[in-house]
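When reading the values below, keep in mind they use all heavy atoms of this one structure, side chains included, and skip hydrogens, waters and symmetry mates. In this text, all values refer to a predicted model and were calculated from it rather than measured experimentally. Along the sequence shown, residues are numbered consecutively beginning with 1.
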Amino acid sequence: MQNKRLSQSVVWVAAMVMGFSTMVSAQMPPPEPFPEARLDQEISIKSPGHMVLFSPVREVNNEIRSASMARLPVKGVGQLYEVQGGANREEARDHYLRELQARGAQILFECSGRNCGRSNVWANQIFDQSSLYGRDNNQDYLVAGSVDENGQPWLTLVYTVTRANQRQFVWVEHLVAPQGTDIPGMGNESARIKGPVIVPWQGGITYRFEWSGADRRIINDWAGEAEARVVLTAYSQLKDNETLEASMERAEAAAQSLSQVLAKSGVSESRQMIITVGPTVVIPNPDRQGDRVEVMVITR
């Protein structure tokens, strides 16, 4: 029975874990800026072939190479921010992820550190912003997409980096393309899938969940659509000397506890589904590790 449940869970996660999108307003301004950052530069972008990368970058014989890239007809804005005070670029990145998540944007690609490629290439050949040239192991990038009510695709690119002098920068591009533009990874088949909202957890008999009021409001808003189903995918980190079964049981118990919390907030248990994968699915994203429940909403 355990093996059957495990195989079913893996199939569900493979189908849902990477994508989500929704229809949003045609008037889609750039995400709210990270509050602890100063705007250094803003440029207008209008191009019949603006380069957007959907996979890590490489440079071969002075030419940019990427397994998935596109030159798209877009217009929009590019904004360069410097992180201020005691804040850091990881907090800035998380801020933009939350902003995009609240809009129901689909994460089309993300990378971190050396997995992104060389910072020099991102800074000088892709974004044309020398201030973004930093350490290869202290960078990250994501590109997210949405489709507005008029069928126009919108893209938001967020790149953060720490320079050798410890200054930290964020580059945000917010772009709109004509209706019907073919954008890698943006398919209508994922339009009903929203999320995930990542909810780390701690505990045993009782559980503490690390999520904000904004996270809870997002889930409740999504779940407010008629006949929406809320899927809780439970992950756990395999401890030393812990059996797989015990790790799976910890994850499932945490998800059951979160399910009860959601029920009290108005999302009935009859509209929820728990999928337990424990430590059996590994996602190569530093923000999606350890003991956590990932909450997704599937609409009709």
Which atoms form the tightest heavy-atom contact between [X] and [Y], and what is the distance?
X	Y	result
Arg216	Asn220	O-ND2, 2.8 Å
Pro178	Pro153	O-CD, 3.4 Å
Ala87	Gln168	O-NE2, 3.7 Å
Arg135	Ala164	NH2-O, 3.5 Å
Asp136	Asn120	OD1-N, 4.5 Å
Phe169	Ser131	CD1-O, 3.6 Å

Does Tyr81 OH have over 12 foreign heavy atoms under 6.0 Å away?
->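 Yes, the 6.0 Å shell around OH holds more than 12 heavy atoms from other groups.
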Within 6.0 angstrom of Gln237 CD, more than 12 heavy atoms from elsewhere |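 Counting other residues, nucleotides and ligands, CD of Gln237 stays at 12 neighbours or fewer.
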I'd like to check [X] versus [Y] (side-chain heavy atoms, cut-off strictly below 4.5 Å). Are they in contact?
X	Y	result
Glu91	Asn88	yes
Leu97	Ile107	yes
Leu175	Trp154	no
Val230	Ile298	no
Val52	Leu157	yes
Val197	Val199	yes
Thr156	Pro31	yes
Asn138	Val161	no

Rounded at 0.5 Å granularity, tell me how far [atom1] in [X] sits from [atom2] in [Y].
X	Y	atom1	atom2	answer
Leu258	Ile274	CG	CD1	8.5 Å
Glu249	Thr276	CD	OG1	10.0 Å
Leu72	Thr181	CG	OG1	7.0 Å
Asp128	Met51	CG	CE	10.0 Å
Ile183	Gln106	CD1	CD	10.0 Å
Thr243	Leu238	OG1	CG	8.0 Å

[X] side chain vs [Y] backbone, donor-acceptor pair below 3.5 Å:
X	Y	answer
Ser265	Leu262	yes
Ser236	Ser247	yes
Gln272	Arg229	no
Thr160	Val170	no
Ser66	Val57	no
Ser119	Gln139	no
His174	Pro29	yes

Are side-chain N/O atoms of Glu42 and Gln79 paired as donor and acceptor at under 3.5 Å?
->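 Per modelled atom types, Glu42 and Gln79 side chains form a pair under 3.5 Å.
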Any side-chain donor paired with an acceptor under 3.5 Å for Thr233 and Glu294?
->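 Side-chain D/A pair, Thr233 to Glu294: absent.
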Can you list every disulfide (SG to SG under 2.5 Å) pair that touches residues 90-167, not counting sequence neighbours?
->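 Found Cys111-Cys116.
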What pairs meet the disulfide (SG to SG under 2.5 Å) rule with one or both residues in residues 220-300, with sequence neighbours excluded?
->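 Sorted pair list comes back empty.
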Ring-face cation of Arg292 near Trp201 (centre distance under 6.0 Å, axis angle within 45°) |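 Because its charged atom misses either the 6.0 Å distance or the 45° angle limit, Arg292 does not stack over Trp201.
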Anything under 30° is parallel, anything over 60° is perpendicular, the rest tilted; go ahead and classify Phe209 against Trp211.
->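 Ring orientation of Phe209 relative to Trp211: perpendicular.
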Would you please test Tyr235 and Ile283 for side chain to side chain contact (heavy atoms under 4.5 Å, CB included) and show each step?
-> CA-CA 11 Å; Tyr235 295 82; Ile283 300 174; 3.8 Å; yes
Would you sort out whether Gln129 and Gln41 count as a side chain to side chain contact (heavy atoms under 4.5 Å, CB included), showing the intermediate values?
-> CA-CA 10 Å; Gln129 295 289 328; Gln41 183 182 7; 3.0 Å; yes
Does the pair [X]/[Y] count as a salt bridge with the N-to-O cut at 4.0 Å?
X	Y	value
Arg217	Asp215	no
Arg250	Glu242	yes
Glu82	Arg163	no
Arg89	Asp140	yes

Criterion side chain to side chain contact (heavy atoms under 4.5 Å, CB included) on Leu80 and Leu132, from CA distance to verdict = CA-CA 9 Å; Leu80 177 67; Leu132 297 174; 3.7 Å; yes
Test side-chain hydrogen bond (donor to acceptor under 3.5 Å, both in side chains) on Glu36 and His95 and set out the steps.
-> CA-CA 10 Å; Glu36 296 182 73; His95 164 83; over 6 Å; no
Ring pair (Phe, Tyr, Trp, His ring centres under 6.0 Å), paired with Tyr159, selected from Trp122, Tyr96, Phe109 =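 The residue from Trp122, Tyr96, Phe109 that satisfies ring pair (Phe, Tyr, Trp, His ring centres under 6.0 Å) with Tyr159 turns out to be Trp122.
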Assess whether side-chain hydrogen bond (donor to acceptor under 3.5 Å, both in side chains) is satisfied between Trp171 and Glu173, documenting all intermediate values.
-> CA-CA 7 Å; Trp171 175 253; Glu173 290 185 11; 2.9 Å; yes
Shared ILVMFWY cluster between [X] and [Y], side chains joined below 4.5 angstrom?
X	Y	value
Val281	Ile198	no
Val77	Val143	no
Val172	Val83	yes
Val158	Tyr133	no

Let me see the working for Ser68 and Leu53 under side chain to side chain contact (heavy atoms under 4.5 Å, CB included), right down to the final yes or no.
-> CA-CA 6 Å; Ser68 180; Leu53 270 63; over 6 Å; no
